[in-house]
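Shown next, in structure tokens, is the structure this report addresses.
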Amino acid sequence: MRAGSVEIRVGLSSCGVASGGEAVRDALVREAGGRAVVKAVGCNGMCHSEPIVQVLHAGKPVALYGNVTAGAARAIVRRHTPGRGLVNGARRLLRALTGGEAVDLADHLVDAEAGPAAEYLGKQKRIVLENCGEIDPGRIDEYTARGGYQALEACLRLEPDAVIAQITASGLRGRGGAGFSTGRKWEMARRQPGAVKYVICNGDEGDPGAFMDRLVLEADPHRVLEGLAIAAYAIGAAEGILYIRAEYPLAVRNVRQAIRQAQARGFTGENLLGSGFSLHLEVREGAGAFVCGEETALIQSLEGGRGMPRLRPPYPVERGLHGAPTLINNVETLASAPWIVRHGPAAYAGLGTQGSKGTKVFALAGKIRRGGLIEVPMGITIREIVEEIGGGIQGGRKFKAVQMGGPSGGCIPERLAGTPVDYDEIPKTGAIMGSGGLVVLDERDCMVDMARFFLRFTQAESCGKCTFCRIGTKRMLEILERICEGRARRDDLGTLEELVDYVSRGSLCGLGQTAPNPVATTLRYFRDEYEAHIQEKRCPAGRCPALIRYRVTDQCIGCTLCAQVCPVGAIAYRPYEKHEIDDKLCTRCDECRKACQDDAVEVVSPC
Amino acid sequence: MSGPGLKNATIAAGAVMVLSVVALAVDYAVMRGWTPASDAQIAALQEKVQRDAKLAPVLAAEQKRIAEFNRARRARVNWLSLVLVGAAAGFLGGAKRLLAGQARPPVRVPERGPSAVWPRAGRAVAAQAAAAAPEIDLTFVDGLIEKEGRGAEAAIPILQAIQAHYRYLPDEALRRVCHLTEISPAQIAGTSSFYSRFRRSPVGEHIVRVCHGTACHVAGARQITDELRRELAIAEGEDTDPSRTFTVEEVACLGCCSLAPVLMVDEHTAGKLTPATACDALAAVQPGERA
């Protein structure tokens, strides 16, 4: 950056766009004119404050603004661009006279050195996310300026075995969920005979509550391409496929663009950087099936069929796509590889714990105050993530549990929040590391409802091949629905526990084997909630619609706020009188309780 | 022949039939009055010829003229009768088909395979598809297959492109794919019903995808969907409003968990919703909808 010049970055990943980032960008560009460079970057992970604007002056610390509106954007430009004496003064005078656009920038300024943002960023260690929010994903120059593709160049000078040795030494484990050693997987793929081999980047991020892959593919696509190219060189594959969910249109667009740019520079295509090694890349969009995250199902899907898993072995590294050895790695795994090569395996292995090295990206969401994408060293405890990085629970309510690993994972209760993030420690709680979805639950979340939510998902996504998964999940879902509706039978809990065991043992792939996990963990840690639903017909969290009623208490001042927000008109509009809720019309949407300023709406149990 | 053309042809045949009957009747009536008169004229002439031989050529000429006239009339009657028979046949045939057409639609013969290869498409859906079907232009499918290839592994990219183009998978387009490629009807039926992105029924003008991921679920995605369905008056078991403007779908996760609850209208994402603001989010694509 030239001395004295100003660069303004605005986060335009899906989350930034959804928060109105495009209007902010337009306002910045219009206001800045030629006085500052406005750059669209990916999300820096602070999704809770989107749209985010960063201002960089040469020689000055970065100024960070959150929740920026178009008006605030104009104020930011005015504050940070050099004034042109008379013109600027006249402008300021005009604004003062017309009284227009009084934006207090202090409301938007985020102090990255102290306070909440520092807490959010302080404990993080950014490897995979090092460029997210820093570079324009549409420009390969910005990636190469930050050391991009140097790792690939270095690898092309090494023997493939030496590359694999580095990855093995780093201790990197597959970030898709199972945590298999990446180096060993590459080694197995390399040893397979055959001239045709494939490398597949698995970006079919189907876990509800997870968005790590989306953000990396959107904000730093070249990193994934570089990792893929390194993997392809290491195992000797000439074909690479990026399998990306169709729900992520921006990720697909950015990756396609990145491939074109990389090809133009000779980082992919024929004879990479004169090494004699060639790699052809292709993007394939998923068609919407959770089970396709499973390796063999993904291959079936690429071959044009229904995504149904098959028995392993043979593993895809032996017989995969079109019968050829196929290496399938998760987006985050591949995105870690360039950093490892550039900084050396020891630097990576220096982070983390005995069995789990490096960092892990988590999608922090749910009832957390500061949600977003975070990257933390392995070994950090769940409590540190929730309370320090995430800033605790919204609205000062009580932290109840975290749901980890999506439909394959489980709920870890608050009392086990001291568990470190580690491939060997997390499974002891009954949950799994999973791909990185971390949904925080508070006291108003019903654990039976959570179990039902995930069962509904796995039930719908079961491919139907294994009887236990196809029918077992259906029966489990029926029982959970009965429990939530207060129609449970006495022996339902026993049947549920039996099914947990049968379904996990009687299924072929990870989906079926882990589908009972949400039920098993909630039964283990929150059995009292199940019993309250069954025996007392009561939902302790006040969440299950069939078991609750809304009532207005005597604290009501008759302000009519609740009557205004009620979507079904169940509250009569009677100012200055105590309101009443018509139970027959009420849909238990909770809007009145949220709207009430005097805590005069309460949830009660009908019996 | 299509419906309206057939009807017009039937009416024309009926008209021709009626005209020929009238012409024949008039012809007959006129001739009936005229023939005795000409006979009497000939008889009178013959008498005169017996008295005066010089008149013989006149008689011959007159006889010739009458014979000529009679032959012309016979030819005219024959010709008209033929037209009448033809018109009557056309009229009766047309009328029969028209009456039969009211009772049941003409059966379309599928190009390949039995028409029951589409198991998931319910009767209502099939009827809708049939109603919208004649408008479908299949040149897109032909071009697409040229691009994607004819192998079985091209199935999903082909289906995705068809879905992107027509916004659902029309039966005609799928038949065309089966016809032109190695992809079998069974494979099409299997894949198109397996993946949640594929739709077999037409959609409204805009697609609203309400995220039902974990974060959105705990933040109240159910209420968002319920409110949209209520506001748009979408009937139970349907996913599109009566004016066919919005189709509301529930999806697994849109990956914007920190903005939960989230929905996506076409390509536009909106987050941090409440039931009240959810409906406003739709206004982004259809400003007039909620004035």
Side-chain angles (χ1 to χ4, degrees), chain A residues 14-15 17-19 47-48 50 205-211 213-215 245-249 284-290 292 301-308 322 363-368 371-373 403 406 437 439 441 445 450 453-454 457 460-461 463 565 567-568 587 589-591 594, chain B residues 151-160 163-164 182-183 187-188 190-198 209 211-224 226-227 230-231 250-260 262-264 267-272 274-276 278-279 281:
Chain A
S14 299
C15 41
V17 173
S19 309
C47 306
H48 55 278
E50 289 281 5
E205 185 174 52
D207 274 17
F211 54 96
D213 297 353
R214 168 182 72 75
L215 203 138
R245 266 184 105 199
E247 278 82 355
Y248 296 167
R284 291 285 286 265
E285 286 178 59
F290 173 63
C292 288
S301 164
L302 284 176
E303 289 174 354
R306 292 163 75 95
M308 288 170 126
H322 307 306
L364 192 56
K367 302 295 177 65
I368 195 86
L373 206 69
Q403 207 289 336
V439 179
L441 306 174
D445 290 310
M450 281 314 290
F453 167 76
F454 284 115
F457 179 81
E461 293 294 338
C463 79
V565 297
V568 289
T587 59
C589 72
D590 206 39
E591 286 304 301
K594 280 189 228 155
Chain B
E153 79 224 29
I156 290 175
I158 285 178
L159 290 181
Q160 282 170 332
Q163 165 108 11
E182 288 168 20
I183 304 165
Q187 191 190 349
I188 293 254
T191 42
S192 68
S193 58
F194 186 83
Y195 297 99
S196 60
R197 292 283 287 191
F198 295 136
R209 297 193 170 91
C211 178
H212 279 252
T214 318
C216 291
H217 174 76
V218 298
R222 172 64 35 217
Q223 281 78 41
I224 303 292
D226 288 350
E227 173 65 13
R230 208 164 28 234
E231 191 73 10
E250 295 177 18
V251 297
C253 189
L254 293 173
C256 289
C257 309
S258 44
L259 304 175
V262 179
L263 65 73
M264 202 166 167
E267 296 267 291
H268 174 93
T269 313
K272 296 184 180 166
T274 67
C279 293

(message) Using a 4.5 angstrom heavy-atom cutoff, name the option from Ala363(A), Gly366(A), Gly305(A), Gly372(A) with the most pairs to chain B.
(response) Gly305(A)
(request) With a 4.5 angstrom heavy-atom cut-off, could you sort out which part of Leu441(A) is near chain B: side chain, backbone, both or neither? (result) side chain
(request) Calculate, to the nearest 0.5 Å, the distance between atoms SG and CD1 belonging to Cys257(B) and Ile368(A) respectively. (result) 13.5 Å
(message) Nearest 0.5 angstrom please: Ser193(B) OG to Arg306(A) CZ, how far?
(response) 5.0 Å
(request) With the side chain counted from C-beta on, respond yes when Pro157(B) and Arg284(A) share a heavy-atom pair under 4.5 Å apart, and no when they do not. (result) yes
(message) Quick one, Met450(A) and Val218(B) - any side-chain contact, counting heavy atoms below 4.5 Å?
(response) yes
(message) Between Arg197(B), Arg230(B), Gln160(B), who has the most heavy-atom pairs with chain A when the cutoff is under 4.5 Å?
(response) Arg197(B)
(message) Between Val565(A) and chain B, with a heavy-atom cut-off of 4.5 Å, which part of the residue counts as in contact: side chain, backbone, both or neither?
(response) neither
(message) If you define the side chain from C-beta out and look only at heavy atoms, does anything of His322(A) sit under 4.5 Å from Glu153(B)?
(response) yes
(request) Taking all non-hydrogen atoms of both residues into account, name the closest pair between Phe211(A) and Gly255(B) and its distance. (result) CB-O, 3.2 Å
(request) Against chain B, label Cys463(A) side chain, backbone, both or neither, depending on which of its atoms sit under 4.5 Å from a heavy atom there. (result) both
(message) I need the minimum non-hydrogen distance between Met264(B) and Pro249(A), along with the two atoms involved.
(response) CE-CG, 4.0 Å
(message) Taking every non-hydrogen pair under 4.5 Å, which of Gly220(B), Gly190(B), Ala154(B) racks up the most with chain A?
(response) Gly190(B)
(request) Name the region of Glu267(B), side chain, backbone, both or neither, that has any atom closer than 4.5 Å to a heavy atom of chain A. (result) side chain
(message) Only pairs of heavy atoms separated by less than 4.5 Å count here; which of Met308(A), Gln403(A), Arg245(A) has the most with chain B?
(response) Arg245(A)
(message) Between Ala246(A) and chain B, with a heavy-atom cut-off of 4.5 Å, which part of the residue counts as in contact: side chain, backbone, both or neither?
(response) both
(message) Is it the case that the side chain of Ser258(B) and the backbone of His48(A) share a donor-acceptor pair, with hydrogens and angles ignored and the cut-off at 3.5 Å?
(response) no
(request) Between chain A and each of Gln163(B), Gln223(B), Arg209(B), count heavy-atom pairs under 4.5 Å; write down the option with the most. (result) Gln223(B)
(message) Counting heavy-atom pairs under 4.5 Å with chain B, which one of Ala210(A), Pro208(A), Gly206(A) comes out on top?
(response) Pro208(A)
(message) Under 4.5 Å from any heavy atom of chain A, what part of Ala260(B) do you find: side chain, backbone, both or neither?
(response) neither
(message) Looking only at heavy atoms and a cut-off of under 4.5 Å, which of Gly307(A), Ala460(A), Gly286(A), Gly437(A) has the most pairs with chain B?
(response) Gly307(A)
(message) Is Asp207(A) in contact with chain B via its backbone, its side chain, both, or neither, using a 4.5 Å heavy-atom distance?
(response) backbone
(message) Distance check, rounded to the nearest 0.5 Å: Leu254(B) atom CG versus Cys15(A) atom SG?
(response) 12.5 Å
(message) Nearest 0.5 angstrom please: Phe194(B) CZ to Ser301(A) OG, how far?
(response) 8.5 Å
(message) With rounding to the nearest 0.5 angstrom, report the SG to CD distance, Cys211(B) to Glu247(A).
(response) 9.5 Å
(message) Give me the atom names and distance for the closest heavy-atom approach of Ala287(A) to Tyr195(B).
(response) O-CB, 3.2 Å
(message) Within this structure, what is the OH-SG distance for the pair Tyr248(A) and Cys253(B), rounded to the nearest 0.5 Å?
(response) 5.5 Å
(request) Give, as side chain, backbone, both or neither, the part of Glu205(A) having an atom under 4.5 angstrom from any heavy atom of chain B. (result) neither
(request) Using a 4.5 Å cut-off on heavy atoms from C-beta on, say whether the side chain of Cys256(B) contacts that of Glu50(A). (result) no
(request) Measure from the side-chain N and O atoms of Glu231(B) to the backbone N and O of Pro567(A), and report whether any donor-acceptor pair falls under 3.5 Å. (result) no
(message) Let's test your reading of the structure: which of Thr214(B), Thr269(B), Leu259(B) forms the most heavy-atom pairs below 4.5 Å with chain A?
(response) Thr214(B)
